[in-house]
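Scroll down for the structure; my scribbles are underneath it.
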Amino acid sequence: MNAQPNKTAMKKPTVADNKPIAVELKAGEEYYFCACGKSSNQPFCDGSHKGTGFTPKAFTAEESGDAYLCNCKQSANQPFCDGTHAQVPANQVGK
Ligand code: FES
C-alpha cells in the first residue's frame, strides 16, 4: 500500500456515480459542469472542487432538452456521457 499520494501523477476525479445523469438544458444558457466529482449538486459545480486541483468546465447548451451528462467524470466528451461509465465498477463510486 502506498500511503503517500503520488504528487507527480495526474489526480483522478472522484466518481460521482457510475451512470450518467439526465438534465434538462436550455439552449444558449451557460452551465458549470463539475469536473472534480465532489459536488453535492451533480452534475453541476457547487464549489467543492476547492483544493482538488480541478476546475469546473463551463459550457453553453446548444439545444434545449434532456441531455445525459457524465457523472463518472471519465468521459472523453465531457460534459456529455460517452459510455465510459460502463467500465467503472460500483465500488468506485465516491472514490
Ligand atoms: S464542485 Fe466539482 S468542479 Fe466544482
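Start at 1 and go down the list; that is how both ligands and their atoms are numbered. Only this structure's heavy atoms are used, side chains among them; waters, hydrogens and symmetry mates stay out. Starting from 1, each residue takes its place in the sequence as its number.
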So which protein heavy atom does atom 3 (S) of ligand 1 come closest to, and at what separation? A35 N, 3.3 Å

Relative to ligand 1, is C34 under 4.0 angstrom through side chain, backbone, both or neither, heavy atoms considered? both

Logged contact type for T52 with ligand 1, heavy-atom cut-off 4.0 Å, is neither

In H49, which N, O or S atom comes closest to atom 4 (Fe) of ligand 1? ND1

Near D46, which atoms of ligand 1 are under 4.0 Å from a heavy atom of that residue? 1 (S)

Would one find more than 12 heavy atoms of other residues, nucleotides or ligands at under 6.0 Å from atom CZ of F59? yes

Quick check: do [X] and [Y] have side-chain heavy atoms less than 4.5 Å from each other?
X: L25; Y: E63; value: no
X: F54; Y: P13; value: yes
X: P89; Y: N18; value: no

Taking both backbone and side-chain atoms into account, decide whether C36 has an N/O/S atom under 2.8 Å from atom 2 (Fe) of ligand 1. yes

I want to check a possible cation-pi pair here: K73 against F33, using under 6.0 Å from ring centre and within 45° of the ring axis as the test. yes

